[in-house]
J.: 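Take a look at this one; I'll ask things after.
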Amino acid sequence: MSTSFQNIKGTFDILPDPHTDDGGTRTAASAEWRHVEATVRDVMRRHNFEEIRTPVLEPTELVARGVGASTDIVQKEMFAFERSDTQYVLRPEITAPVVRSFLQHHLDQRGGVQKLFYIGPCFRAEQPQKGRYRQFHQFGIEVLGADQPRADAETIAVLMAVCDALGLSDLRLRLNTLGTPECREEYVGALQDFLEPYADELSETSRRRLERNPLRILDTKKAHEQEILRDAPTLIDFVNEKSRTHYDTVKGLLDDLGVEYVEDPHLVRGLDYYTETTFELEHPGLGAQSALAGGGRYDRLAEVLGSDAPVPAVGFAAGMERLFLALDAADVELADTPTPDVFIAALGEEAERWGFRTAQALRAEGLHVAHDLMGRSLKAQMKEANRQNAPYTMIIGGNELEAEAATVKEMESGAQEEVPFDGLIEYLTRTAETA
RNA sequence: GUGGGUGUAGCUCAGUCGGUUAGAGCGCUAGGUUGUGGUCCUAGAGGCCGUGGGUUCAAAUCCCACCACUCACCCCA
């Protein structure tokens with residue numbers, strides 16, 4: 001069997017079994033995805049977060065305004081198209097959509113702080129590589145309406161709790177504050193003044209950023225640029241008293257929780273909407289894409305999206321594919337695929353019909369029941385039962401129909417037992433429970 | 001957009017000083033057991049050797065182009 005079609009570049013199929021691509025990167029099985037998703041949901045429940053689901057399709061303008069027109073995402077990575085005068089975009093991230101939904105539906109009127117989480121696919125038209133896809137999956141949270149440092153600290157705590165619940169270790173949390181847009185602007189001016197004399201020594205991209213987005217020069221990976229930056233003014237010196245107190249409180253709260261972090265004054269996140277606290281979670285040894293998650297405070301985003309009142313907010317987004325990479329690197333074993341409680345092997349047309357009815361009856365009782373749909377030999381059906389790791393196989397043929405008792409085989413020991421038809425449900429329900 | 005790597009069976013890979021019908025292991029199907037799986041034995045199915053062109057008596061093998069995948073730069077989850 002074959003087809004001339006294949007999945008779109010930068011996307012991937014999640015199959016019942018894990019598989020590896022040509023670069024040796026493992027794609028987790030669907031059961032592993034379910035396990036991670038269930039873990040995320042459980043951590044969210046424990047932290048009192050509620051789920052929000054927004055459309056994959058959003059107005060292009062929402063992303064352009066929300067994420068920032070100067071960002072790479074908006075400038076060159078959007079899957080955007082027009083249809084009957086409406087501009088659509090496949091969402092490249094989920095924060096702006098959540099804030100849009102929050103404002104549109106007046107969720108603040110539910111009262112108090114809104115603690116929301118999401119899981120879903122995002123799309124960016126980048127060049128794919130390890131840990132980076134055109135359709136990828138994020139989960140994250142948004143705490144809307146809370147300006148307290150505890151909201152920042154709880155956001156980080158939730159992220160760490162998910163990693164902990166998944167069994168991830170060797171993580172590094174980098175922390176910084178960006179202050180308010182006003183003091184950031186002041187700092188940007190100072191940074192430009194400082195770097196201007198070195199312009200000739202900077203790379204081409206850094207020179208371009210010097211005009212457009214000087215903050216981004218800070219996270220350069222080029223050694224000689226880092227050298228220059230060593231004596232550069234630091235953002236924290238431009239941050240006002242209030243922001244600094246906020247930041248110090250967040251750090252204190254993290255200390256209280258025993259959350260380890262390293263301060264990194266050069267940590268500037270790529271999206272325009274961040275203010276105050278900003279953070280990134282890394283795992284070493286993932287190749288080029290070491291960032292598992294990133295986030296921070298974005299107190300001005302609601303207003304950027306047209307709100308007449310400010311909505312203080314903080315959140316994070318985590319990349320599921322990156323998480324799997326980290327889990328793989330750490331050799332963390334995830335959930336097994338489910339196996340049937342019983343396999344029904346039938347011989348002959350009459351027995352097949354009896355088996356089909358019985359399968360449905362057992363399934364109605366909540367049992368996981370497998371059977372043959374190809375009319376194969378008993379031997380082949382037994383092989384199939386074995387392959388599927390069914391602990392019990394029920395054999396039904398002419399003899400059993402006549403005796404009105406099925407042959408139930410315990411696969412591991414090979415022991416067989418005659419079970420009267422009217423006692424089957426009770427018998428199998430009991431064995432399934434003890435298994 | 002730029003650079004490196006790789007394309008042979010469902011999977012992992014052999015085979016390339018050019019030379020008959022292109023191989024192995026695993027997996028799949030069937031038989032060995034007229035109603036019994038796992039181990040074992042046997043058989044079978046499954047490949048335009050990424051695509052197109054060129055060189056040659058002869059190309060999976062040499063040359064060119066293209067395509068796909070992949071890693072990396074940039075940036076991000």
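Each chain gets a letter, A, B and so on, in the order its sequence line appears, and its residues count up from 1.
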J.: Take atom P in B/A72 and the same atom in B/A59, then report the distance between them in whole Å.
T.: 39 Å

J.: Hydrogens and angles aside, do A/Q388 and A/E384 bring a side-chain donor and acceptor to less than 3.5 Å of each other?
T.: yes

J.: Whole-Å distance between B/C11 C1' and A/L15 CG?
T.: 13 Å

J.: With sequence neighbours excluded, what pairs up with A/H371 under the ring-ring contact (aromatic ring centres under 6.0 Å, His included) test?
T.: A/F356

J.: If I compare all heavy atoms of A/V43 with all of A/A165, which pair ends up nearest, and what's the gap?
T.: CG2-CB, 3.9 Å

J.: Which atoms of nucleotides 65-69 of chain B (N or O only) lie under 3.5 Å from a protein N or O atom, and what are those distances?
T.:
residue, atom, partner, partner atom, Å
B/C69, OP2, A/K9, NZ, 3.2
B/C69, O2', A/D22, OD2, 2.7

J.: Judged by each residue's nearest nucleotide on RNA chain B, which is more toward the 5′ side, A/I395 or A/L286?
T.: A/I395

J.: How far, in whole Å, is B/U51 from B/A77 if one measures between their P atoms?
T.: 40 Å

J.: Taking only the P atom of each, what is the distance from B/G27 to B/U12 in whole angstrom?
T.: 15 Å

J.: Please report the distance, rounded to the nearest Å, between CD in A/E400 and C1' in B/U36.
T.: 11 Å

J.: To the nearest Å, how far apart are A/M411 CE and B/U39 C1'?
T.: 14 Å

J.: Does A/R363 CZ have over 12 foreign heavy atoms under 6.0 Å away?
T.: yes

J.: For A/L378 and B/G35, give me the distance from atom CG to atom C1', rounded to whole Å.
T.: 5 Å

J.: Identify the pairs formed between an N or O of the protein and an N or O of nucleotides 43-45 of chain B at a distance under 3.5 Å, and give each distance.
T.:
none

J.: Please report, rounded to the nearest Å, how far the P atom of B/G10 is from the CG atom of A/D13.
T.: 17 Å

J.: Which is more 5' along RNA chain B, the nucleotide nearest A/M374 or the one nearest A/N399? Just name the residue.
T.: A/M374

J.: Count the heavy atoms belonging to other residues, nucleotides or ligands that lie under 6.0 Å from CD of A/Q104, then report whether that count exceeds 12.
T.: yes

J.: Who passes side chain to side chain donor-acceptor pair (under 3.5 Å) against A/T407, sequence neighbours left out?
T.: A/E400, A/E418

J.: Output the rounded distance in Å from CG (A/D72) to P (B/G1).
T.: 15 Å

J.: Answer with yes or no whether A/N386 presents, from its side chain, a donor or acceptor under 3.5 Å of a partner atom in the base of B/G37.
T.: yes

J.: Any donor-acceptor pair under 3.5 Å between the side chain of A/E412 and the base of B/G37?
T.: no

J.: Can you confirm whether more than 12 heavy atoms, excluding those of A/E426, are under 6.0 Å from its CD atom?
T.: no

J.: Could you tell me whether A/A291 contacts a base, only the sugar-phosphate backbone, or nothing, with contacts defined as non-hydrogen atoms closer than 4.0 Å?
T.: sugar-phosphate

J.: Which residues satisfy the ring-ring contact (aromatic ring centres under 6.0 Å, His included) test with A/F238, sequence neighbours excluded?
T.: A/Y187

J.: Under 6.0 Å from the CD atom of A/E185, do we count more than 12 heavy atoms belonging to anything else shown?
T.: no

J.: Can you run through RNA chain B from 5' to 3' and write each base as (, ), [, ], | or . depending on how it pairs? Watson-Crick or G-U wobble, both distances under 3.5 Å.
T.: (((((((..((((.....[...)))).(((((.......))))).....(((((..]....))))))))))))....

J.: With sequence neighbours excluded, tell me which residues meet ring-ring contact (aromatic ring centres under 6.0 Å, His included) with A/F136.
T.: none

J.: For atom CD of A/E410, decide whether the heavy atoms of other residues, nucleotides or ligands shown that lie under 6.0 angstrom number more than 12.
T.: yes

J.: At what distance, to the nearest 0.5 angstrom, does OH of A/Y261 lie from CZ of A/R172?
T.: 14.5 Å

J.: A/F81: what forms a ring-ring contact (aromatic ring centres under 6.0 Å, His included) with it, not counting sequence neighbours?
T.: A/Y88

J.: Would one find more than 12 heavy atoms of other residues, nucleotides or ligands at under 6.0 Å from atom CD of A/E51?
T.: yes

J.: Which heavy atom in A/A317 sits nearest to a heavy atom in A/Q138, and how many Å separate them?
T.: CB-OE1, 3.7 Å

J.: Looking for any heavy atom pair under 4.0 Å, which part of the strands does A/L292 touch: base, sugar-phosphate only, or nothing?
T.: sugar-phosphate

J.: When we call it a touch if two heavy atoms are under 4.0 Å apart, what does A/T25 touch: a base, just sugar-phosphate, or nothing?
T.: sugar-phosphate

J.: Without decimals, in angstroms, what is the distance between A/R387 CZ and B/U36 C1'?
T.: 15 Å

J.: Does any residue of residues 276-283 of chain A have a heavy atom under 4.0 Å from RNA chain B, and if so, which ones, in number order?
T.: none

J.: To the nearest 0.5 angstrom, please state how far the CE atom of A/M44 sits from the CD1 atom of A/I119.
T.: 7.0 Å

J.: What pairs of nitrogen or oxygen atoms, one from the protein and one from nucleotides 30-33 of chain B, lie under 3.5 Å apart?
T.:
residue, atom, partner, partner atom, Å
B/G32, N7, A/K379, NZ, 3.1
B/G32, O6, A/K379, NZ, 3.4

J.: More than 12 foreign heavy atoms under 6.0 Å from CD of A/E82: is that the case here?
T.: yes

J.: If a pair satisfies ring-ring contact (aromatic ring centres under 6.0 Å, His included) and one of its residues is in residues 272-296 of chain A, list it, with sequence neighbours excluded.
T.: A/Y273-A/Y298

J.: Quick one: closest heavy-atom pair of A/L292 and A/R322, and the distance?
T.: CD2-O, 3.3 Å

J.: With the side chain of A/K76 defined as its heavy atoms from C-beta on, choose the nearest nucleotide among B/C74, B/U36, B/G35.
T.: B/C74

J.: Among residues 127-142 of chain A, which ones have heavy-atom contacts with RNA chain B below 4.0 Å?
T.: A/Q127, A/Q129, A/K130, A/G131, A/R132, A/Y133, A/F136, A/Q138

J.: Which part of the nucleic acid does A/G398 contact within heavy-atom distance under 4.0 Å: base, sugar-phosphate only, or nothing?
T.: base

J.: A/G24 near the nucleic acid: base, sugar-phosphate alone, or nothing, with a heavy-atom cut-off under 4.0 Å?
T.: nothing

J.: Rounding to an integer number of Å, can you tell me how far A/L325 CG sits from B/C71 P?
T.: 9 Å

J.: If you count the non-hydrogen atoms of other residues, nucleotides and ligands that lie under 6.0 Å from CD in A/E412, is the total more than 12?
T.: no

